[in-house]
There are 2 protein chains.
Amino acid sequence: MAGHRPEMVFRSHMQAALDEARAAAERGEVPVGAVIISPGGHPVAAAGNRTRELADPTAHAEILAIRMACAMVGSERLGGHDLYVTLEPCAMCAAAIAAARIARLYYGAADPKSGGVAHGARVFAHPQAHHRPEIYDGIAAVESERLLRDFFAGRRADV
Amino acid sequence: MAGHRPEMVFRSHMQAALDEARAAAERGEVPVGAVIISPGGHPVAAAGNRTRELADPTAHAEILAIRMACAMVGSERLGGHDLYVTLEPCAMCAAAIAAARIARLYYGAADPKSGGVAHGARVFAHPQAHHRPEIYDGIAAVESERLLRDFFAGRRADV
């Protein structure tokens, strides 16, 4: 039974990230959500995408969550912290994750179109990143993809 | 004589970016500075690196300048705007420049250690970037490198 505990824990954190993604969709933002977990296992930041609301192209869920967690911790480094995000981070967010020294990155759906971890720039694959988190992908990917698909299908229906 | 005008203009904008880099050094930050110029040729944002002061790993000069310019313009897109930065942008900043649809990127010194434009992730070389600015490098590179070298030499002397 004990072997089941870790998976339950990280699925629960990803559910919190999915809740942020759903809230983003309700605000008319591309539904991506992120949470950051402290070394002690507690959520210290949660954010959804707010690029439109804030008129800020850097206001991706991961960037907002990292800035929030750094403000909480009072440091530009988040060593020992884990980041959960519903979609593969883009190159901007991947490089921010490296700069923040996030220990573990858990993400949901792959993003062949804009991803920068397993696709395109593959930010962590170069020594210029200075830090590479442990990476776990595909967690709750089906729910994450469904949110994105429904959001874009809805937008097409509005046109 | 008219042929000299454009170079004088972009050197003057880079001098403003160097002023921001010098101010950053005086605050104890890695000396990198950036300015953003409107389509009409006017500066709309200027920033230096503030990662330590703000305890924010995303507070690079380029990110702060992009957020400032977007707030001025009221849009997450800066089409027609130019960005001048004293050092080759990292992968995070390069991807933010792509997301903001910056028209032209002028940078000073190359950054083999942390750069993400001509080194490492080469963010604009992948279709996941969605936008590639025109890129002009090496402008005022000597002054930019001297600022960085003096800053790090000073820090070593403090140890």
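Lettering follows sequence order; numbering is per chain, from 1. Since we're looking at a predicted model, the values are computed, not measured.
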Trainee: Check for me, please, whether L18(A) and L148(A) land in the same ILVMFWY cluster - side-chain distances under 4.5 Å, paths through other members count.
Mentor: no
Trainee: Between H126(B), R122(B), H119(B), H60(B), who has the most heavy-atom pairs with chain A when the cutoff is under 4.5 Å?
Mentor: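 Most pairs with chain A among the choices: H126(B).
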Trainee: Spell out, yes or no, whether M72(B) and L64(B) are grouped together once hydrophobic residues are joined by side-chain heavy atoms under 4.5 Å, including indirect joins.
Mentor: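 No.
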Trainee: Does the side chain of K113(A) reach to within under 4.5 Å of the side chain of H130(B), using non-hydrogen atoms?
Mentor: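 Yes, at least one pair of side-chain atoms sits under 4.5 Å.
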Trainee: State which residue, out of R67(B), E76(B), R77(B), fulfils the side chain to side chain contact (heavy atoms under 4.5 Å, CB included) condition with P57(A).
Mentor: E76(B)
Trainee: If Ile, Leu, Val, Met, Phe, Trp and Tyr residues are connected whenever their side-chain heavy atoms lie under 4.5 Å apart, and connections chain through other members, are L83(A) and Y136(A) in the same group?
Mentor: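 No, no single cluster joins them.
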Trainee: Are V30(B) and L87(B) in one and the same hydrophobic cluster, where Ile, Leu, Val, Met, Phe, Trp and Tyr link if side-chain heavy atoms are under 4.5 Å apart?
Mentor: yes
Trainee: Looking at G74(A), A96(A), S114(A), A69(A), which one has more heavy-atom pairs under 4.5 Å with chain B than the rest?
Mentor: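 Among G74(A), A96(A), S114(A), A69(A), the one with the most close pairs to chain B is S114(A).
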Trainee: Out of curiosity, T58(B) OG1 to I97(A) CD1, how far, rounded to the nearest 0.5 Å?
Mentor: 12.0 Å
Trainee: Quick one: of G116(A), C70(A), A71(A), A59(A), who has the most non-hydrogen atom pairs under 4.5 Å with chain B?
Mentor: C70(A)
Trainee: Has the side chain of Q128(A) got a donor or acceptor atom that lies under 3.5 Å from a matching backbone atom of P112(B)?
Mentor: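 It does hold such a pair.
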Trainee: Could you please state which residues from residues 98-105 of chain A sit under 4.5 angstrom from chain B, measuring non-hydrogen atom to non-hydrogen atom, sorted by number, or 'none'?
Mentor: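 The list, in residue order, reads A99(A), A100(A).
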Trainee: With a 4.5 angstrom heavy-atom cut-off, is it the side chain or the backbone of S75(A) that approaches chain B, or both, or neither?
Mentor: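 Just its backbone gets close to chain B.
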Trainee: Pull out the residues in residues 33-55 of chain A that come under 4.5 Å of chain B, heavy atom to heavy atom, sorted by number.
Mentor: T51(A), R52(A), A55(A)
Trainee: Check the hydrophobic clustering (I, L, V, M, F, W, Y; side-chain heavy atoms under 4.5 Å; chains of links allowed) and say if Y106(B) and L78(B) are grouped together.
Mentor: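 Each belongs to a different hydrophobic cluster.
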Trainee: Specify which of A95(A), A129(A), G120(A) makes the most heavy-atom pairs with chain B at under 4.5 Å.
Mentor: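 Looking at each option in turn, the highest pair count goes to G120(A).
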Trainee: Roughly how far, to the nearest 0.5 Å, is the CE atom of M92(A) from the CD1 atom of I63(B)?
Mentor: 6.5 Å
